[in-house]
Amino acid sequence: MKLDNLNSKQKEAVTKIGGPILVFAGAGSGKTRVLTHKIAYLIDNIGLPPENILAVTFTNKAAQEMKTRIVELVNHDISGISIGTFHSISAQLLRKNISKIGYNSDFTIYDQQDSKSVVKQVIKDFNLDVKQFDPKTYQIKISNAKNSMKNPDYFKDLSENYSDKMFYQIYLKYQEILKKNNSVDFDDLLTLPLTIFENHPECLKFYQDKYKYVLVDEYQDTNKPQFEFIYSISSLHKDIFVVGDDDQSIYGWRGADISNILNFKDAFGKATIIKLEQNYRSTKTILDAAWHVVSRNLNRADKKLWTDNSEGELIDIVESFDERFESKQVFGKILKYKNELDNVAVLYRTNSQSRIIEDELRKGGIAYQIIGGVKFYDRKEIKDVLAFIKLIVNHNDSVSLERIINFPPRGLGKTTIDKIRSIANDNSSSIFEEIKNIESLNLSIKQKKSLNDFYNLIKNSANRLTRDKGSVIVRNLIKEINLENFYHKQDTVDANERWKNIEELVLGIEEYESSKDDFSLVGFLEEVSLLTDIDRWNKDEKALTMMTIHSSKGLEFDYVFIVGLEEGLFPIIRDFDDNDLEEERRLFYVALTRSRKKVVLSYAKSRRSFGRNLTISKQSRFLNEIPDRLINNKINNKSTISSNDYKDKRVHVIDKGNVVEHKVFGRGVIINVDGVGDSAKLTIRFANNVLKKLISKYANLKKI
DNA sequence: GGCGTTTTCATTTGT
DNA sequence: TGAAAACGCC
């Protein structure tokens, strides 16, 4: 394999073999290139079989891309290699080994919402008030406990007050129910393999022997269980290679431990440390700005990025009266790049900021894709169908059962379900099992019949699992429950949309079957449970991309807009701790360094949170951390609102669906908009179904 | 008791 | 703005 397209540091990182290696890979320093070349080097030059390599990436997409690139570099079949996220690698390990600890290999993976409903049920079962014991809060507490590897026992005797005492009970019961449901939550995916390793040394030994070389990407964002996982596997042979950048550690709130990277040597012993400090991505201006920001942090390893790239353009700052005007201004600036939209990104701190920008882009006819927010697999209709599938695969999954036992409505309401649930609890059996014994239940004939039909529906589908393709079973199921008709008879735009999504889901199953050559629904479920929005993102689509800064990690764009730079929003408000502020600052650093050519920063002097109350905001302190000389138009640090700010409050007239008034034709509805701004061609339907095509700027329309 | 409708309430980030 | 709880009608 050729190494001549690597710089000397990169080459060192690739060819150094033996013992722990830590690579500090700054933003845009060719980290992915190093990782792929390293793996190719191990296979081609060292002769290590691919099945002896474990590489952990941050997203499934990154894993896929890495595989593709390695195939291009080596002349081997690498299908045996293990590349994936921590969660997907662990899920596969659990499929093989989870029976050792009393689960069965068809376990269901619960997402946060599922976990929350289990917690809620537990709280209710303890007869506690859900107002006082907020399920969401307790779900987060449990998650944090697992991320710091504390099992329920840890909390048994530390109960100071009533709420803490109950936390122990809730956590304990929660874990019991998960096991009874043959389900694991996201955190279990990371911790259960460790439990298996601990109780079954032969299993740990197997993986220690199998994975002779371990590589970890985005090492700065590993948390405690993830660290333990790779440590268990590699602490004997110590052939571990981790790549990370402490300046880009942005998942502290999820238990990521920045000390994993800062104290790498302490854990693994004598380690080789290599710093990649040449940046190939950004202009000097951008790097300079990013450096001035991040170097304010105290808790960081010493290093500084440099580049041979040009100075490039200065950074723009956009000031707006409110979030609506901000969106308009950002939209105006985006127009300049409308022929290279796939190179534009709009980044923000919170998903809720996307909507208003989306509105402007839609009105202006700019193609966009949004990452995050309501994920495809999080939509209600999709989750409903998935719940059917989960229940078919795993009858113990009571969360899924409760979701769909009365969907579409079949006359089984809250009271009936409560009855069956309490019997199931008493007999410590699953709800599904109890449905079989309905004869003994105190229920009406109608409900008994309904329950019986439901039972048979699931059971019959399950019986087909070994014979039929998953997609066939699901298609059949959808027909049996008459789902198309359920949505069709509602006859709303929304319902039609939902039905379309369900059709897309089935196509997704078929696509999975043909691409993975796997017809099991278990495999499909696992894939979608662990899929992120980034994984579905198509970077080649001719559209700009909007996403949170967290999602943008690892990506790059020519033109980057960072919006909502206000105190309280970015950095976001919480009970401020220096560590939190440093993490917010790293987040800003990540945002800046996504850009190759040009950065535009924007903030609004007032903002409506939800509903309507407008609150005055102050520009983010981060703006002042960038030296003036790098900024095109420094705006003074005041938060007063002048009357000028109201001048662009003209209502947007051209929008599909708006009712407008025309001097001659009277009132009409805009039914189509072709083009952007004043020159847009509008199709308007006036009284008596008269259709007119008008140019916006000549039409002189008034919005009603 | 079920089911559709209205009200309330909460909004960081994500596997 | 949406989802979940509360409400009120069949």
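Throughout, a chain's letter reflects where its sequence line sits, starting with A, and its residues are numbered from 1. Computed from a predicted model, the values in this text were never measured in an experiment.
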Rounded to whole Å, CD of Q353(A) lies from P of dT13(B) at a distance of 9 Å
Spacing of E527(A) atom CD relative to dT15(B) atom P, expressed in whole Å | 14 Å
Report yes if a donor N or O on one partner sits less than 3.5 Å from an acceptor N or O on the other, where the partners are the side chain of R355(A) and the base of dT1(C); otherwise report no.
-> no
Check whether the ring centres of F107(A) and Y103(A) lie less than 6.0 Å apart, and answer yes or no.
-> no
Testing dT12(B), dT15(B), dA4(C) for proximity to the side chain of Q112(A), the answer is dT15(B)
What is the distance, rounded to the nearest whole Å, between atom CD1 of I140(A) and atom P of dG14(B)?
-> 14 Å
Stacking here means centres under 5.5 Å and planes under 30°; does F86(A) stack on dT15(B)?
-> no
To the nearest Å, give me how far apart CD1 (I549(A)) and C1' (dG14(B)) are.
-> 14 Å
Considering only dT15(B), dT12(B), dA4(C), which nucleotide approaches the side chain of H87(A) most closely?
-> dT15(B)
What's the closest nucleotide to the T350(A) side chain, out of dT12(B), dA4(C), dG14(B)?
-> dT12(B)
Could you check whether N351(A) gets within reach of a base, just the sugar-phosphate, or nothing at all, counting any heavy atom under 4.0 Å?
-> sugar-phosphate
Would you kindly give the CD1-to-P distance between I250(A) and dG14(B), to the nearest whole Å?
-> 9 Å
Pick out the pairs of N or O atoms, protein on one side and nucleotides 1-3 of chain B on the other, that lie under 3.5 Å.
residue	atom	partner	partner atom	Å
dG2(B)	OP1	G413(A)	N	3.0
dG2(B)	OP1	T416(A)	OG1	2.5
dG2(B)	OP1	Q447(A)	NE2	2.9
dG2(B)	OP2	T415(A)	N	3.4
dG2(B)	OP2	T415(A)	OG1	2.9
dC3(B)	OP1	G411(A)	N	3.2
dC3(B)	OP2	N406(A)	ND2	2.9

5'-most contact on DNA chain B: N60(A) or K136(A), nearest heavy atom basis?
-> K136(A)
Mind checking side-chain hydrogen bond (donor to acceptor under 3.5 Å, both in side chains) for K136(A) and listing every partner two or more places apart, or none if nothing turns up?
-> none
Would you mind reading off the distance between R498(A) atom CZ and dG2(C) atom P, rounded to a whole angstrom?
-> 10 Å
Classify the angle between the aromatic ring planes of H87(A) and F186(A) as parallel (below 30°), tilted (30 to 60°) or perpendicular (above 60°).
-> perpendicular
In whole Å, what is the span from the OH atom of Y589(A) to the P atom of dT13(B)?
-> 24 Å
Pairing residues for K380(A) by the salt bridge (charged side-chain N to carboxylate O under 4.0 Å, His left out) criterion, not counting sequence neighbours | D384(A)
When rounded to whole Å, the CZ to C1' distance for the pair F58(A) and dT15(B) reads 8 Å
Does a nitrogen or oxygen in the side chain of T548(A) sit under 4.0 Å from OP1 or OP2 of dG14(B)?
-> yes
Give one of base, sugar-phosphate or nothing for S551(A), where a contact means two heavy atoms less than 4.0 Å apart.
-> sugar-phosphate
Taking only residues two or more places apart in sequence or in another chain, which ones pass salt bridge (charged side-chain N to carboxylate O under 4.0 Å, His left out) with D518(A)?
-> none
Under the side-chain hydrogen bond (donor to acceptor under 3.5 Å, both in side chains) test, which residues partner Q220(A), sequence neighbours left out?
-> E218(A)
Residues in ring pair (Phe, Tyr, Trp, His ring centres under 6.0 Å) contact with Y377(A), at least two apart in sequence or another chain | none
